[in-house]
There are 2 protein chains.
Amino acid sequence: MDYFSSDIGNLIGELAKLPGIGLKSAQRLAFYLVQQPQERALGLADALIKARQTARTCECCCTLTDQPLCPICASPARNHRVIMVVENTRDLAAYEKTGKYEGVYHVLQGIISPMLGIGPGDIKLKELVARVTDAVEEIIIALNTSAEGDATSVYISKLVKPLGVKVSRIASGIPVGGDLEYIDELTLHRALEGRMQM
Amino acid sequence: MDYFSSDIGNLIGELAKLPGIGLKSAQRLAFYLVQQPQERALGLADALIKARQTARTCECCCTLTDQPLCPICASPARNHRVIMVVENTRDLAAYEKTGKYEGVYHVLQGIISPMLGIGPGDIKLKELVARVTDAVEEIIIALNTSAEGDATSVYISKLVKPLGVKVSRIASGIPVGGDLEYIDELTLHRALEGRMQM
């Protein structure tokens, strides 16, 4: 890429390392950024440096935050007797956006995957078990419905049920607005198994 | 977004301002970046700051670069008698990737668009006219085949032809591998008009 300049080429290279950003997008972003007013470009650089330097995991739920306790764990308005187990902070954000969940979370920071060499010791399971005291009423498992998600759900269930807590998993079935005709068989089967009395 | 932290929320906000990056992608990128080793995240921030600070336009062809003259204009190996006119540095990069063009470029940094209020004075036309001396043999116009691209091409042609230089425009027609059945009528018409003797 010696037809631009080494600095722009370097920026393109750094941007292209980001997940989901190919060389074309990286080029587009780099040209956009260097043509912005100085303070705009530096604003992004500053935000990045600051966020990376203050980033840490919440001591309670292991989500990404910049305080010892994340805003959710620190909030007295949340129901700390119900813990929803999610794979990562993105999934936490997805449930927060529904605005319907009032409990707290536990972020595993991964999922058990023998294929990728990720075992139970590599995700935040110890931290989950440590949180299950008498004060906790229910653990809601909200992992993806992949093979890994299913296996991890069963593993967690076996791990925390002996501690005398109710364990549930979010429903698997037809998405709202989904057309039966185009839904895969496994989902149809799960939707049937999980049918609810009307 | 008070369920993460102000710093991460701020980074997400900055990323979401970039073209083609929505809130979901911005979130994904932000979480990825703050979980990378410190030097990786700072590497991107540094590259951004450096590229923005050294970014300037080439004094000859107006492309983005970090030197007074871009590597192409500074190269004695290029044919400086042929100038290809492109809309922006991305289009220059696209032609450079073909590896077949040996002339130099002129980057307009925009295109005439009455709809967007961009007139001839807002793009690098003065700079193009100043480059057309007796030493220049041909101006190749390589603008998109949009209404704006067509209008700008005609404008440029009228501007530089009186200076006694040959003006051409890259061919419009069926893309390589394109299926006639699925090509729009205007393209079919242009391909017919631009037919070449075999």
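- The shortest side-chain heavy-atom distance between A/Ile8 and B/Thr65 does not fall under the 4.5 Å cut-off.
- Linking Ile, Leu, Val, Met, Phe, Trp and Tyr whenever their side-chain heavy atoms come within less than 4.5 Å leaves A/Val154 and A/Ile140 in two separate clusters.
- At a threshold of 4.5 Å between side-chain heavy atoms, the hydrophobic network of Ile, Leu, Val, Met, Phe, Trp and Tyr places A/Val82 and A/Leu69 in two separate groups.
- Counting heavy-atom neighbours within 6.0 Å of A/Asp184 CG, excluding the residue itself, gives a total above 12.
- In this structure, A/Gln109 and B/Gln35 have side chains that are in contact, with non-hydrogen atoms separated by less than 4.5 Å.
- For B/Ala45, the parts sitting under 4.5 Å from any heavy atom of chain A are the backbone and the side chain alike.
- Listed options B/Leu42, B/Thr89, B/Leu92, B/Asn10 were ranked by heavy-atom pairs under 4.5 angstrom with chain A; first place goes to B/Thr89.
- Counting heavy atoms from C-beta on, the side chains of B/Arg40 and A/Lys17 come closer than 4.5 Å.
- Put simply, of B/Lys50, B/Arg56, B/Arg90, the one with the most heavy-atom pairs under 4.5 Å next to chain A is B/Arg90.
- Environment of CG in B/Asp179: crowded, with over 12 heavy atoms of neighbouring residues, nucleotides or ligands closer than 6.0 Å.
- More than 12 heavy atoms of other residues, nucleotides or ligands lie within 6.0 Å of NZ in B/Lys97, so this atom counts as buried by the packing criterion.
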With side chain to side chain contact (heavy atoms under 4.5 Å, CB included) as the test, would you mind laying out the steps for B/Val34 and A/Thr54 before giving the verdict? CA-CA 9 Å; B/Val34 299; A/Thr54 62; over 6 Å; no

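- Hydrophobic clustering places A/Ile156 together with A/Ile170 (ILVMFWY residues linked when any side-chain heavy atoms are closer than 4.5 Å, directly or through intermediates).
- Counting Ile, Leu, Val, Met, Phe, Trp and Tyr side chains that sit under 4.5 Å apart, directly or through other members, A/Leu192 stands alone, with no cluster partners.
- Of the atoms belonging to A/Ala47, heavy atoms from both backbone and side chain fall under 4.5 Å from chain B.
- Between B/Ile49 atom CD1 and A/Asp7 atom CG the span is 12.0 Å, to the nearest 0.5 Å.
- For chain A, no part of B/Gln67 is nearby; none of its heavy atoms comes within less than 4.5 Å.
- Annotation: side chain of A/Leu48 is not in contact with side chain of B/Leu48 (no heavy-atom distance under 4.5 Å).
- Here the side chain of A/Arg52 pairs no donor or acceptor atom with the backbone of B/Glu39 at under 3.5 angstrom.
- Considering all non-hydrogen atoms of both residues, A/Gln27 and B/Ala93 come closest at OE1-CB, 3.7 Å.
- Hydrophobic clustering of Ile, Leu, Val, Met, Phe, Trp and Tyr side chains at less than 4.5 Å, counting indirect connections, unites A/Tyr155 with A/Val129.
- The neighbour count for A/Tyr95 OH, taken as heavy atoms of other residues, nucleotides or ligands under 6.0 Å away, does not exceed 12.
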Please step through side chain to side chain contact (heavy atoms under 4.5 Å, CB included) for the pair B/Leu64 and A/Phe31, ending with a clear verdict. CA-CA 8 Å; B/Leu64 284 172; A/Phe31 292 145; 3.6 Å; yes

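- Residue A/Leu18 holds its CG atom at 12.0 Å from CZ of B/Arg28, rounded to the nearest 0.5 Å.
- How far CG of A/Leu29 is from CG of B/Leu15: 9.5 Å, rounded to the nearest 0.5 Å.
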